[in-house]
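Before any comments, here is the structure.
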Amino acid sequence: MVKLKHFVSVEELSNEEILGLLSRAGEFINGAKPNIPDKQIFVSNLFFENSTRTHQSFMVAQRKLGLDMLPFDTSHSSVTKGETLYDTVLTLDAIGVNVCVIRHPEDRYYESLIHADTINCAIVNGGDGSGQHPSQCLLDLLTIQQEFGSFEGLKVAIVGDISHSRVARSNAQMLKRLGAQVFFSGPKEWFDDSFSEYGEHKTIDELLDIVDVMMLLRVQHERHGEDTTFSKEEYHNQYGLTVERAGKLKANAIIMHPAPVNRDVELADQLVEAPQARIVKQMTNGVYARMAILEAVLQGE
Ligand code: CP
């Protein structure tokens, strides 16, 4: 059984830990009973950026595990009076919260929390700025593993707004480490050298007939500032997965997207729920991946 003190970044996880969490998520899909300490356990979900999937699927996972989830609405907390993240977590820890799931706009916000001697609760990262999205990575790996059995030799394209994407960073790092070949695509100005060590940048048309996984990313307008030149149609035609391009994918290739999807921008509307798409499956898998993560940090307490 995997035991973790915190779950904040794929960089801090070994391959064995990731594969162990995937295996445990699979057991939860098959109805395994959770193995968590026999005591009252409180969890708090602190989302300083909006979320549908991550927030709600962590809540479903917490209820399936029988945990006591404390509602925490950042807009009605003392954060509005200037309370820092450290002081919020210090307070929750002091009143008995065992796990804080946190999404925050600042890259690596978790560093000051996991290295503080004063804080004992486990920190689970629900996404930090353009840094990491490790629970999304785990559910994406689970979806790929269900399809292909392993990662060795798989060819995976990550396409779109790479430099702003915590999903791209976590997935590229972990996929490469597990033996997959990663490619990137999308506007060159949304790619940066920090990704070059994980894979080559190519046009989407060069990748269509070679990849096993076509993973599209959301255009993150909220991280671009004022950009009045962006055209959805032009983006879709030049960088997106159009219906015509999807017809050139390998017969057993799958289409993934962490969602929310900008339909007809990253990929054609009718491809979102198409037979080769696993986007809805990714959302379902998120519950089981997050059950495995929560169980691991409760085992590591
Ligand atoms: N994929 C993802 O993180 O979605 P949410 O922002 O809705 O949580």
Side-chain angles (χ1 to χ4, degrees), residues 1-22 24-25 36 41-49 51 53-55 57-59 61-62 65 67 69 72 74 79 84-93 97-142 164-178 194-195 198 258 286-301:
M1 170 137 318
V2 179
K3 297 181 180 186
L4 301 170
K5 176 75 187 98
H6 305 284
F7 180 86
V8 292
S9 164
V10 299
E11 290 164 337
E12 310 215 354
L13 296 167
S14 67
N15 290 7
E16 290 66 34
E17 284 168 335
I18 280 282
L19 294 172
L21 289 170
L22 290 176
R24 191 62 181 141
I36 52 179
I41 295 169
F42 292 106
V43 295
S44 190
N45 300 314
L46 288 69
F47 277 70
F48 295 89
E49 280 185 346
S51 165
R53 277 145 291 274
T54 311
H55 196 165
S57 61
F58 262 118
M59 291 205 303
Q62 288 155 5
L65 292 172
L67 309 179
M69 192 261 298
F72 187 94
T74 52
V79 170
T84 63
L85 177 63
Y86 172 83
D87 282 334
T88 303
V89 176
L90 184 70
T91 304
L92 293 171
D93 186 53
V97 169
N98 303 86
V99 183
C100 286
V101 178
I102 305 176
R103 172 173 287 191
H104 198 278
E106 191 183 314
D107 285 16
R108 305 185 85 87
Y109 71 81
Y110 47 80
E111 295 286 1
S112 60
L113 305 176
I114 63 174
H115 295 123
D117 294 338
T118 42
I119 291 174
N120 295 303
C121 64
I123 305 298
V124 173
N125 185 8
D128 61 294
S130 301
Q132 289 275 325
H133 198 342
S135 68
Q136 179 74 42
C137 178
L138 194 69
L139 74 90
D140 287 345
L141 294 177
L142 180 62
H164 297 104
S165 174
R166 51 199 177 207
V167 178
R169 191 172 305 281
S170 296
N171 281 352
Q173 288 175 340
M174 209 60 230
L175 282 164
K176 182 160 189 234
R177 204 146 34 97
L178 292 171
S194 65
F195 284 92
Y198 307 113
V287 170
Y288 301 101
R290 289 171 175 129
M291 286 174 77
I293 293 164
L294 289 165
E295 185 189 60
V297 296
L298 290 168
Q299 283 291 332
E301 245 192 334

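Side chains included, hydrogens not; waters and symmetry mates left out as well; all remaining heavy atoms used.
Among residues two or more places apart in sequence or in another chain, the ring-ring contact (aromatic ring centres under 6.0 Å, His included) test is passed with Phe72 by none. Applying the salt bridge (charged side-chain N to carboxylate O under 4.0 Å, His left out) criterion to Arg24, with sequence neighbours excluded, gives Glu27, Glu295. In this structure, Ser44 has no side-chain hydrogen bond (donor to acceptor under 3.5 Å, both in side chains) partners at least two apart in sequence or on a different chain. Under the ring-ring contact (aromatic ring centres under 6.0 Å, His included) criterion, Phe195 pairs with Phe184, sequence neighbours left out. For the side-chain hydrogen bond (donor to acceptor under 3.5 Å, both in side chains) test, no residue two or more places apart in sequence or in another chain qualifies with Glu12. In this structure His6 satisfies the ring-ring contact (aromatic ring centres under 6.0 Å, His included) test with no other residue, sequence neighbours excluded. For Glu49, the salt bridge (charged side-chain N to carboxylate O under 4.0 Å, His left out) partners at least two apart in sequence or on another chain are Arg166, Arg223. Shown here are the side-chain hydrogen bond (donor to acceptor under 3.5 Å, both in side chains) partners of Asn125, two or more places apart in sequence or in another chain: Tyr109, Asp128. Scored by the side chain to side chain contact (heavy atoms under 4.5 Å, CB included) test, Ser57 finds Val287, Arg290 as partners (sequence neighbours excluded). The ring-ring contact (aromatic ring centres under 6.0 Å, His included) test applied to Phe42 returns no partner, not counting sequence neighbours. Not counting sequence neighbours, Asn120 has no partner by the side-chain hydrogen bond (donor to acceptor under 3.5 Å, both in side chains) test.
Between Leu21 atom CG and Glu16 atom CD the span is 11.5 Å, to the nearest 0.5 Å. Atom CG of Leu13 and atom CD1 of Ile18 lie 4.5 Å apart (nearest 0.5 Å). For the atom pair CG of Leu178 and CG of Asn15, the computed distance is 5.0 Å after rounding to the nearest 0.5 Å. In this structure, Gln173 CD and Ser9 OG are separated by 6.5 Å, a value rounded to the nearest 0.5 Å. The distance from the CG atom of Leu4 to the CD atom of Glu17 is 5.0 Å, given to the nearest 0.5 Å. To the nearest 0.5 Å, the span separating CG on Asp140 from CG on Leu175 amounts to 8.5 Å.
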Derivation of the side chain to side chain contact (heavy atoms under 4.5 Å, CB included) call for Val89 and Ile102: CA-CA 10 Å; Val89 176; Ile102 305 176; 3.9 Å; yes
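Taking all atoms of both residues into account, the shortest heavy-atom contact from Arg177 to Ser14 is NH1-C, 3.9 Å. A pairwise comparison of heavy atoms in Leu138 and Ala289 identifies CD2-O, 3.7 Å as the closest pair. Residues Ile119 and Asp93 approach most closely at CA-OD2, 3.7 Å, considering heavy atoms. Considering every non-hydrogen atom in both Tyr110 and Ile123, the closest pair reads CB-CG2, 4.3 Å. Taking both residues in full, the closest heavy atoms of Ser170 and Val10 are given as O-CG2, 3.8 Å, listed atom of the first, atom of the second, then distance. Across every non-hydrogen atom of Tyr86 and Ala116, the tightest pair is CE1-CB, 3.9 Å.
For the pair Pro134/Met174, no side-chain contact is recorded, criterion being any heavy-atom separation below 4.5 Å from C-beta on. Here the side chains of Thr74 and Thr88 are not in contact, with every heavy-atom distance at 4.5 Å or above. In this structure, Ser135 and Val124 have side chains that are not in contact, with every pair of non-hydrogen atoms separated by 4.5 Å or more. Leu92 is listed as a side-chain neighbour of Leu46, based on a closest heavy-atom distance under 4.5 Å. In this structure, the side chains of Phe7 and Leu294 stay at 4.5 Å or more apart for every pair of heavy atoms. Put simply, the side chain of Leu19 reaches to within 4.5 Å of the side chain of Leu22, judged on heavy atoms. Taking the side chain as every heavy atom from C-beta outward, Val101 and Phe47 approach each other to under 4.5 Å.
Tested against Met59 for a side chain to side chain contact (heavy atoms under 4.5 Å, CB included), the candidates Leu67, Asn45, Thr54 yield a single pass: Asn45.
Applying the salt bridge (Lys or Arg N to Asp or Glu O under 4.0 Å) rule to pairs touching residues 104-121 yields Glu11-Arg108, Arg108-Glu111, sequence neighbours excluded.
Enclosure of atom NZ in Lys5 by more than 12 non-hydrogen atoms of other residues, nucleotides or ligands within 6.0 angstrom is indicated.
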